[in-house]
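Working notes for the structure below.
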There are 2 protein chains.
Amino acid sequence: MLERSHLTIIREVDRQGSLTAAAGVLCLTQSALSHTMKKLEQALGTDIWLREGRSLRLTQAGQYLLDVANRLLPQLDRAEERLSQYAQGQRGTLRIGMECHPCYQWLLKIVSPYLAQWSDVDVDVKQKFQFGGIGALFGFEIDLLVTPDPLYKPGLRFEPVFDYEQVLVVSRHHALAMATHVEPEQLSSEILLTYPVETDRLDIYNQFLQPAGISPKRHKVIETTEIMLQMVASGRGVAALPRWLVERYANEMEVVPVRLGQQGIAKQIFLGAREADANIDYLKAFFELARQQMS
Amino acid sequence: MLERSHLTIIREVDRQGSLTAAAGVLCLTQSALSHTMKKLEQALGTDIWLREGRSLRLTQAGQYLLDVANRLLPQLDRAEERLSQYAQGQRGTLRIGMECHPCYQWLLKIVSPYLAQWSDVDVDVKQKFQFGGIGALFGFEIDLLVTPDPLYKPGLRFEPVFDYEQVLVVSRHHALAMATHVEPEQLSSEILLTYPVETDRLDIYNQFLQPAGISPKRHKVIETTEIMLQMVASGRGVAALPRWLVERYANEMEVVPVRLGQQGIAKQIFLGAREADANIDYLKAFFELARQQMS
DNA sequence: ACAATCAATTAATTTTATTCATAGATACGT
DNA sequence: ACGTATCTATGAATAAAATTAATTGATTGT
């Protein structure tokens, strides 16, 4: 009754803006689409488009169908991809989702030995999710989630895979460069460089500045780690990054790490997956590799 | 390529155990199914079943397809149901999921005025979820979740709708009936009656007994609230229930509430939904009604 | 007012799905 | 061990469905 082809047509008409254009993309005639959808409308008993002059506008039912199409078609595509991998004797594709910038840096270290070890598994990394990483796991958009926020719920399995300290990075010539640690107040006269995410998702805000009621002099947003460090090195501001990351760049750049507060800020990265996938060998292997890296 | 019909056949063959039986259920001939699936196997390049004598056994690819079928077919069915509701001018079905027993009692109070107010909306209540309530929300199995554990994640929206106190219920003739409150130690000689859920999901355990390292003399499991209260009334044990629930039965049954600890145990019930559904009027109305009930 | 563009429609045609009839294989009962 | 019942697979025939070609009517922009 409601077939994959119907969903495909709805989605393509929405993308292309007209039946004719969609027909071109789908390698069919405009007439074919018109017939197919008319039949569906009759079967459902409701119109999908309002015919306004020579253009189409989705009805409420049509809009709903479009949402369904956008949700289910990618899953069908994925299923086919997966099956073709079975056919070729390949293992599959490991779709990894990430929810934080340090996650990415950590991931880089793991993926490379993983690819070497599992030559018949492809790795695909995604960063944007309509409903967040958890939603992407539940929605079968990804198979593995790298995140600082684990979620112990039925159907999911999380495991800490990396501990690190979040530190302040300053130029070697900065006044704070020699300090054993820095207090929130000392940042009120600094320019803070961060990745472009909401401030309450930044550790330096929610675990350091906000509890003390302090704001930096200015807040600048930088996309990439390397540029951020170069800005810090040239004295344009300070940033908060994982200690291990700072240390790796310490040789080539004039930057030094400084502890945030007396205790420092301890962070963890978690790896999460669906319980249903618990016995996929190449997924288990990723967890295993992550555990090894930890020590 | 991979069509709904293929998924339907895979699922039905799995349910019925044979092509022939599945063909009967699907109102087709055995030959039709055989042809259809053979074509799919050729297109995919991989077998779906191992032909063992006169019976079929799923290959790895087939098992995967079955999983896909069990995941996607219900969503397609749901979409059709929804569209037929659009066609009839009905609003739709509100699928509510529940994750705790007090939730059910609370829900009963809300659903009845809701049904009166929204005569063109059906309500369906589910209690079992393969991947928990959160998974059911993300997986479009339900539209609304009633739970004591909210989850503030992108894509979801939670809201507290009910505050109550969890109290101990004892018979009117029980030694504790007159006490202002009860300490954990006093339960070590009692028989505790609870709903059949894991103990660490029971508030009286994880918030009262376990912190004090106390166990009750015995622990009996009862399915329904009424029987539980009758058991309590007849002096067969004590139970932990919401205060308002106990008070509602206080007239007809010989039971009294007693505070758990000096502070009492404060509880909240939350209502959760997908953000994407935020502007469905009959869903908004449910939240609204819940808010009103609160005061 | 005219050309261009788009969706709907009808009838013809092609493609696809389904059935019928039958063969081959295997389990089960006697 | 033999026959029977019960599976699935297969080829040819048939029914059903999707698709096209050709055309119409409507609308937009120039």
Side-chain angles (χ1 to χ4, degrees), chain A residues 1-63 65-66 69 73 76 80 87, chain B residues 1-63 65-66 69 73 76 80 87:
Chain A
M1 181 133 174
L2 178 60
E3 296 298 331
R4 182 176 186 171
S5 57
H6 298 128
L7 298 179
T8 310
I9 293 172
I10 287 233
R11 182 176 66 175
E12 206 55 46
V13 169
D14 182 66
R15 284 179 178 170
Q16 305 298 327
S18 78
L19 269 191
T20 310
V25 173
L26 298 175
C27 298
L28 288 167
T29 60
Q30 170 268 324
S31 175
L33 303 205
S34 181
H35 280 297
T36 304
M37 297 311 283
K38 168 122 290 184
K39 243 169 281 176
L40 178 65
E41 287 179 327
Q42 280 165 357
L44 294 176
T46 177
D47 281 357
I48 290 167
W49 290 292
L50 293 172
R51 277 70 176 180
E52 297 190 324
R54 65 184 186 187
S55 69
L56 304 176
R57 210 182 61 209
L58 285 169
T59 60
Q60 196 188 8
Q63 181 60 54
L65 258 182
L66 177 60
L73 287 177
L76 283 168
E80 279 178 354
Chain B
M1 180 128 175
L2 178 60
E3 297 298 330
R4 182 177 186 170
S5 57
H6 298 127
L7 298 179
T8 310
I9 293 172
I10 287 233
R11 183 177 66 174
E12 205 56 47
V13 169
D14 182 66
R15 286 180 178 169
Q16 304 299 327
S18 79
L19 268 191
T20 309
V25 174
L26 298 175
C27 297
L28 287 167
T29 60
Q30 170 269 325
S31 174
L33 303 204
S34 181
H35 280 299
T36 302
M37 296 311 283
K38 168 121 288 185
K39 242 169 281 174
L40 178 64
E41 286 179 326
Q42 281 165 357
L44 293 175
T46 177
D47 281 357
I48 291 167
W49 290 292
L50 292 171
R51 276 72 175 176
E52 298 189 322
R54 65 183 187 185
S55 68
L56 304 175
R57 210 182 61 209
L58 286 169
T59 61
Q60 195 188 10
Q63 181 61 51
L65 258 183
L66 177 60
L73 288 177
L76 284 168
E80 280 178 354

Would you classify S18(B) as touching base, sugar-phosphate or nothing, given that sugar-phosphate means primed atoms plus P, OP1 and OP2, and contacts are heavy atoms under 4.0 Å? sugar-phosphate
Mind checking L33(A) for me? I need base, sugar-phosphate or nothing, with any heavy atom below 4.0 Å counting as a touch. nothing
pi-stack flag for H35(B) and dT10(D), centroid dist under 5.5 Å, interplanar under 30°: yes
dT8(D) base to R54(B) side chain: any donor-acceptor pair below 3.5 Å? no
Length of the CD-C1' vector between E52(A) and dT28(D), whole Å: 14 Å
Take L58(B) and V13(B), measure what side-chain contact (heavy atoms from CB on, under 4.5 Å) needs, and give me the verdict at the end. CA-CA 10 Å; L58(B) 286 169; V13(B) 169; over 6 Å; no
Within the 4.5 Å heavy-atom criterion, are K39(B) and T36(B) side-chain neighbours or not? no
Does K38(A) make a side-chain N or O approach to OP1 or OP2 of dT9(C) shorter than 4.0 Å? yes
Which of these nucleotides, dA4(C), dT10(D), dA7(C), is closest to any side-chain atom of S31(B)? dT10(D)
Looking at K39(A), I'd like to know whether one of its side-chain N or O atoms comes within less than 4.0 Å of OP1 or OP2 on dA17(D). no
Contact under 4.0 Å: R51(A) side-chain N or O vs dA8(C) OP1/OP2: yes
If you only use heavy atoms from C-beta on, which nucleotide in dT9(C), dA9(D), dT18(C) is closest to the side chain of S34(A)? dT9(C)
dT20(D), OP1 or OP2 - any side-chain N/O from T29(A) closer than 4.0 Å? yes
Distance below 4.0 Å between T20(B) side-chain N/O and dT6(D) OP1 or OP2: no
Residue-phosphate contact under 4.0 Å: T36(A) side-chain N/O, dT19(D) OP1/OP2: yes
